Amino acid sequence: PTSSLPSRMAAELVNASGQAEAGNKIAGIMQSRGFEVVGLETAGTAVRTTVVTSYTQHPSVISKLTNLPFRYVLNISEDPSREIPVRVLIGQDNGA
């Protein structure tokens with residue numbers, strides 16, 4: 001079964017790249033893809049790999065998350081209780 005379209009096309013971002021400018025660059029990309037960026041935090045510890053997590057399997061969300069112009073791993077983890085359907089953990093490999 002296909003999950004329902006989230007009420008908000010929103011994304012929360014966590015910059016764990018160690019690069020101050022990476023958060024704003026990724027936020028701009030997500031906004032250009034139709035997402036409302038509702039938060040941009042800085043992680044205390046850097047991570048190597050950028051991970052984009054979708055908490056919905058709705059095709060319109062997944063299609064917006066494929067072919068983003070930066071390096072990432074896409075993780076789909078259905079969780080209808082999440083108010084914000086997308087989380088981006090920005091790692092050192094983002095290349096943005």
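Since the structure is predicted, the reported quantities are computational estimates derived from the model, not experimental observations.
Sorted by first and then second residue, the ring-ring contact (aromatic ring centres under 6.0 Å, His included) pairs involving residues 16-40 (not counting sequence neighbours) form an empty list. Listed by first and then second residue, the ring-ring contact (aromatic ring centres under 6.0 Å, His included) pairs involving residues 8-29 amount to none (not counting sequence neighbours). Counting only residues at least two apart or on different chains, no side chain to side chain donor-acceptor pair (under 3.5 Å) pair has a member in residues 40-49. Evaluation of the salt bridge (Lys or Arg N to Asp or Glu O under 4.0 Å) test over residues 10-24, restricted to residues two or more places apart or in two chains, returns Glu12-Arg82.
Qualifying salt bridge (Lys or Arg N to Asp or Glu O under 4.0 Å) partners for Glu36, counting only residues two or more places apart in sequence or in other chains: Arg8. Partners of Ala46 according to the side-chain contact (heavy atoms from CB on, under 4.5 Å) rule, which considers only residues two or more places apart in sequence or in another chain, are Gln92. With sequence neighbours excluded, no residue forms a side-chain hydrogen bond (donor to acceptor under 3.5 Å, both in side chains) with Arg87. Applying the side-chain contact (heavy atoms from CB on, under 4.5 Å) test to Ala22 and every residue at least two apart in sequence or in another chain returns Asn15, Ser17, Gln19, Ile90, Asn94. Evaluation of the side-chain hydrogen bond (donor to acceptor under 3.5 Å, both in side chains) rule for Ser54 yields no partner, not counting sequence neighbours. Residues passing the side-chain hydrogen bond (donor to acceptor under 3.5 Å, both in side chains) test with Ser81, sequence neighbours excluded: Asp79.
Note on Val14 and Tyr55: separate hydrophobic clusters, where clusters join Ile, Leu, Val, Met, Phe, Trp and Tyr whose side-chain heavy atoms are under 4.5 Å apart, directly or indirectly. Residues Met9 and Ile62 are members of one and the same hydrophobic cluster, defined by side-chain heavy-atom contacts under 4.5 angstrom among Ile, Leu, Val, Met, Phe, Trp and Tyr.
The side-chain heavy atoms of Val47 and Leu89, taken from C-beta on, include a pair separated by under 4.5 Å. Between Thr50 and Ile26 the shortest side-chain heavy-atom distance does not fall below 4.5 Å.
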Give the table of side-chain donor-acceptor pairs shorter than 3.5 Å for residues 63-76, with sequence neighbours excluded, one pair per line with atom names and distance.
{"from": "Ser63", "atom 1": "OG", "to": "Pro59", "atom 2": "O", "distance (Å)": "3.2"}
{"from": "Ser63", "atom 1": "OG", "to": "Ser60", "atom 2": "O", "distance (Å)": "3.1"}
{"from": "Lys64", "atom 1": "NZ", "to": "Arg33", "atom 2": "O", "distance (Å)": "3.2"}
{"from": "Thr66", "atom 1": "OG1", "to": "Ser63", "atom 2": "O", "distance (Å)": "3.0"}
{"from": "Arg71", "atom 1": "NH1", "to": "Asp93", "atom 2": "O", "distance (Å)": "2.7"}
{"from": "Tyr72", "atom 1": "OH", "to": "Leu65", "atom 2": "O", "distance (Å)": "2.7"}
{"from": "Tyr72", "atom 1": "OH", "to": "Asn67", "atom 2": "N", "distance (Å)": "3.1"}
{"from": "Tyr72", "atom 1": "OH", "to": "Leu68", "atom 2": "N", "distance (Å)": "3.2"}

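The minimum heavy-atom distance between Leu13 and Gly23, with the atom names listed, is CD2-O, 4.0 Å.
Here Ile84 is tied into one hydrophobic group with Val38, each link being a pair of ILVMFWY side chains closer than 4.5 Å.
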